[in-house]
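Below is one structure, written out as structure tokens; the observations come after it.
Quick caveat: nothing in here was measured; it's all calculated off a predicted structure. Every heavy atom of this structure was used, including side-chain atoms; hydrogens, water molecules and symmetry mates were not. Order of listing sets the numbers, starting from 1, for every ligand and every atom in it.
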Amino acid sequence: MLLTFVKLQKIIPKNWTDGLVVKNLWNEQDAQSFLDNAGPEEADRQLALRVYTSRLIGQDPDMVMHGGGNTSVKVKRPNIFGDEIDVLHVKGSGWDLETIEAAGLPGVQIEPLNKLRELLALSDEDMVNLQRSNLLDSTSPNPSVETLLHAYIPHKFVDHTHATAMLALANMPNVEEVVKEIFGDKVALVPYIMPGFELAKVAADIFDQNPNVEGLHLINHGHFTFGPDAKSSYELMVEHVSAVEAWFNARAAQPAAAPSSTISANSILPKIRASLARAMKAHTGNQDQAAPFLDLRANDQILSFLTRDDLGDLAKRGVATPDHVIRTKGFPTIIASDDQASVDAAIDAFVESYKAYFARQDARVSDKKTMLVPTPNLFWVPGLGLIGAGANASAARIAADLGTQTIQVMEWAEANSGFYPIKEDDLFDMEYWSLEQAKLGKAKPKPLQGKAVLVTGGAGAIGLATAKAFKDQGANIFLVDRDQDSLLTELGSLGMDHDGAVIDLCSAEGPQQAVDAMVRRFGGIDILVSNAGAAWSKSMLDMDQDTLRNSFELNFFSHQKIAQAAAKVMQVQGAGGQILFNVSKQAVNPGKDFGAYGLPKAATFFLVKQFALELGELGIRVNGVNADRIRSGLLTDEFIESRSKSRNISAESYMAGNLLKREVEASHVADAFVALALAARTTAHIMTVDGGNIEASLR
Ligand SMILES: [Zn+2]
């Protein structure tokens, strides 16, 4: 059985053709529980409801995604002198509406913000500085780049989304006509201006001229609603988005029948990784350039979209809302066939075109920029699906989510007056805006960030400890185990952007299936930790063929087969890789009645050397760990008890029976795997983790 768990928190796209997708999620009991947890102060109660409806918006990917959109509430609070002042709580940079808390809505004094409106111009640096210096709590995150717009709308609650339907509307050339048709005078239009001071002033002037509107529609950008309380502002947003969805659904073109897949994911994904890593290396000069993660999405809607005659034209149009550009770049790359030469040609063409775009634009602007890595983050592969690319699984997922949403935006808009987003100058200004790039964070990446790590026997003590140790170093993990229940539990403990599959590695196809499932999920494989194993105990005199052959199947052949399958993917990727085996001290230091275990382990010990010898020229390092006496499925408490009793010692003394006189734990084995993964010039090495045992030490 093969079962892959794709643990995407937001499974998108939904089936948009089913009709209205945005729902009113307001629930009196939930709202009350937010109020119950707030303090008695009126300002805190309003803020609690602001948190509640922000989350309602955040949990619907058709409202906002991945840090997009923002919300605010205006309250009165006493300052340190006891004077009552007006305060704006607005979404802070780095917070996501889906999971926001009160701390994610920093409070800013409104009066100084209002004074700014009289200025003719204001630099971004001065705007950020003034907002920061008027925070109630100086340790708060930076208030949103759209803070001033929230401040200048006089309503108490303000909600801003990049809802899918609104983006389709916002990018149509006849947006003015359609807004009038749907909303009459209830919604005013704001022309496209990059977020910040100028947009806030223009939007505020438009509001002042139309003070009775329920919302503002920002061309090429998104939508605002507002109201006297949390519920009415939120419900207006739901009402407006639903009205636009209904308008599009009434005019939706019949989608073409989805073709069946013609390109194999397992064939093309490692080639795309290889090509991206090569192009990135050419730019960064980093010889150990990590290959990006890939996140493939395929459903009927995507496959049908990819059959469109105008696909090449649509690929040159741009982004559905400006802040997508930092995640997806401006345009997707179309790949039409799965041979390496076609993949390389498509990616090289993107890189050349990106460099030309950068040169043109950098010549236009006065403050000179440094070019970002010029490789694509989004792919359209007709016959396969849409692929997001990113430095780790999370970045690839975000690119894929936004790319998927954009397909719906394009289809809706193209079925009407067309999809015509912001043009090149505005796109560049947004992509190279320091306040946008700041959203991506500048923390130094962890040593194994960008590494896709496959751990077999992932639900056992050593497998799970190893997965966690690699995760702590920044890697994304794919766990394989044959026990579904424990695998699900362990995956839950790893959290988002790690995944796994239930596979029996002793089945004929199991090892290949494990590697295929991993490649399909993350695009490839960088590190294999071949860990699955089990012990059989029998004397050589009583040994039957079945016992010995079963042990060889798991403790030797499954390791040989999965290493071979992983190495083949690494060869295509062309970026080196690593294979790590969990061997055993039994490989060199036999224990009585453990022949059935030790014999295949001795063969696996040799396997380390044989693979290291043959894979070295591909840059693939192969190492192993010899561990002993670790509490696990192999060494159960009952077994420890019987062993220690037969030696007339306590279980503790038995477990600490080594040179260091300390029990060796699964985490120590995990640390050894990580140490080998980080030892850049080490291959064909076996590291012993047994607390010290001269008989089992290697020459
Ligand atoms: Zn926005």
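Using a cutoff of 4.0 Å between basic side-chain nitrogens and carboxylate oxygens, Glu198 and Arg117 are not scored as salt-bridged. Of the charged side-chain nitrogens involved, at least one lies within less than 4.0 Å of a carboxylate oxygen, so that Asp86 and Lys76 count as a salt-bridged pair.
Shown are the protein N/O/S atoms under 2.8 Å from the Zn ion (ligand 1), given by residue and atom: His160 NE2, His162 NE2, His221 NE2.
Among residues two or more places apart in sequence or in another chain, the side-chain hydrogen bond (donor to acceptor under 3.5 Å, both in side chains) test is passed with Arg308 by Asp310.
Annotation: ring pair (Phe, Tyr, Trp, His ring centres under 6.0 Å) contacts involving residues 109-144, sequence neighbours excluded, are absent. Judged as a salt bridge (Lys or Arg N to Asp or Glu O under 4.0 Å), the pairs with a partner in residues 404-416 (not counting sequence neighbours) are, in order, Arg317-Glu414.
Annotation for Asp185: atom CG does not count as buried by contact number, only 12 or fewer foreign heavy atoms lying within 6.0 Å.
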